[in-house]
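Read through the structure below, which is laid out as C-alpha coordinates, and then see the notes.
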Amino acid sequence: MATNERKDITEITVFSNGPLKVSGNFKLTGSNLKLIETGNEIYLCRCGGSANKPFCDGTHKKIGINDKNV
Ligand code: FES
(Lines give C-alpha, C1' and ligand atoms only; values in the text may rest on other atoms or scores of the structure.)
Protein backbone atom coordinates (compact mmCIF):
# COMPACT_ATOMS: atom_id res chain seq x y z
CA MET A 1 0.00 0.00 0.00
CA ALA A 2 1.30 3.44 -0.89
CA THR A 3 2.03 5.65 2.11
CA ASN A 4 -0.49 8.29 0.98
CA GLU A 5 -3.23 5.72 0.39
CA ARG A 6 -6.07 5.89 2.90
CA LYS A 7 -6.76 2.70 4.81
CA ASP A 8 -10.24 1.22 4.68
CA ILE A 9 -9.99 -0.13 8.20
CA THR A 10 -8.83 1.18 11.53
CA GLU A 11 -6.04 -0.81 13.12
CA ILE A 12 -5.23 -0.82 16.81
CA THR A 13 -1.88 -2.26 17.75
CA VAL A 14 -0.80 -3.00 21.31
CA PHE A 15 2.89 -2.29 21.79
CA SER A 16 4.48 -4.50 24.41
CA ASN A 17 5.16 -2.35 27.48
CA GLY A 18 4.05 0.72 25.52
CA PRO A 19 1.17 2.63 23.95
CA LEU A 20 -1.69 1.68 21.68
CA LYS A 21 -1.14 2.67 18.08
CA VAL A 22 -4.32 3.64 16.24
CA SER A 23 -4.00 3.94 12.50
CA GLY A 24 -6.44 4.31 9.67
CA ASN A 25 -9.54 6.41 9.45
CA PHE A 26 -10.74 7.31 12.96
CA LYS A 27 -12.28 9.96 15.18
CA LEU A 28 -11.27 10.28 18.84
CA THR A 29 -13.62 12.09 21.21
CA GLY A 30 -13.25 12.96 24.88
CA SER A 31 -15.63 12.20 27.74
CA ASN A 32 -17.38 15.49 26.93
CA LEU A 33 -17.86 14.17 23.37
CA LYS A 34 -15.70 16.97 21.96
CA LEU A 35 -13.51 15.96 19.08
CA ILE A 36 -9.91 15.49 20.13
CA GLU A 37 -8.33 14.10 17.00
CA THR A 38 -8.99 12.67 13.60
CA GLY A 39 -6.38 11.37 11.31
CA ASN A 40 -4.27 8.52 10.21
CA GLU A 41 -2.06 7.64 13.19
CA ILE A 42 -1.90 8.33 16.91
CA TYR A 43 -0.37 6.67 19.97
CA LEU A 44 -2.57 6.41 23.05
CA CYS A 45 -1.16 6.19 26.56
CA ARG A 46 -1.73 2.88 28.29
CA CYS A 47 0.40 3.44 31.38
CA GLY A 48 -1.44 6.44 32.84
CA GLY A 49 1.77 8.45 33.18
CA SER A 50 1.55 10.71 30.15
CA ALA A 51 1.37 14.46 30.76
CA ASN A 52 -0.46 14.73 27.43
CA LYS A 53 -3.28 12.21 27.90
CA PRO A 54 -4.78 10.51 26.07
CA PHE A 55 -1.66 10.55 23.95
CA CYS A 56 1.59 8.79 24.75
CA ASP A 57 4.46 11.15 25.50
CA GLY A 58 7.11 8.50 26.14
CA THR A 59 6.76 8.53 29.93
CA HIS A 60 6.17 4.77 29.91
CA LYS A 61 9.89 4.36 29.20
CA LYS A 62 10.74 6.18 32.44
CA ILE A 63 8.17 4.55 34.71
CA GLY A 64 8.70 1.06 33.40
CA ILE A 65 5.26 0.02 32.18
CA ASN A 66 4.85 -3.71 32.50
CA ASP A 67 2.14 -5.48 30.54
CA LYS A 68 1.66 -7.87 33.44
CA ASN A 69 0.32 -4.93 35.45
CA VAL A 70 -1.80 -3.25 32.76
S1 FES B 1 2.07 4.53 27.26
FE2 FES B 1 3.50 6.01 26.70
S3 FES B 1 3.28 7.56 28.18
FE4 FES B 1 1.85 6.06 28.77
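These numbers come from a predicted model, not from an experiment. Whatever order the structure lists them in is the order used to number ligands and atoms, beginning at 1. Because only heavy atoms are used, hydrogens play no part in the values below, and waters and symmetry mates are left out as well, while side chains stay in. Note that the numbering runs from 1 along the sequence shown for the chain.
Taking atom 1 (S) of ligand 1 as the reference point, the nearest protein heavy-atom neighbour is Arg46 N, 3.3 Å. Nearest protein heavy-atom neighbour of atom 2 (Fe) of ligand 1: His60 ND1, 2.2 Å.
Side-chain atoms of Thr10 come within 3.5 Å of backbone atoms of Asn25 as a donor-acceptor pair (strictly under, hydrogens ignored). Panel note: side chain Ser50, backbone Phe55; a donor-acceptor pair is recorded below 3.5 Å. A donor-acceptor contact shorter than 3.5 Å links the side chain of Lys53 to the backbone of Gly48.
The NZ atom of Lys61 lies 11.5 Å from the SG atom of Cys47; values are rounded to the nearest 0.5 Å.
Contacts between Asp57 and ligand 1, counted as non-hydrogen atom pairs separated by less than 4.0 Å, involve both the backbone and the side chain.
Look at Cys56 and atom 2 (Fe) of ligand 1: an N/O/S atom of the residue is under 2.8 Å from the metal.
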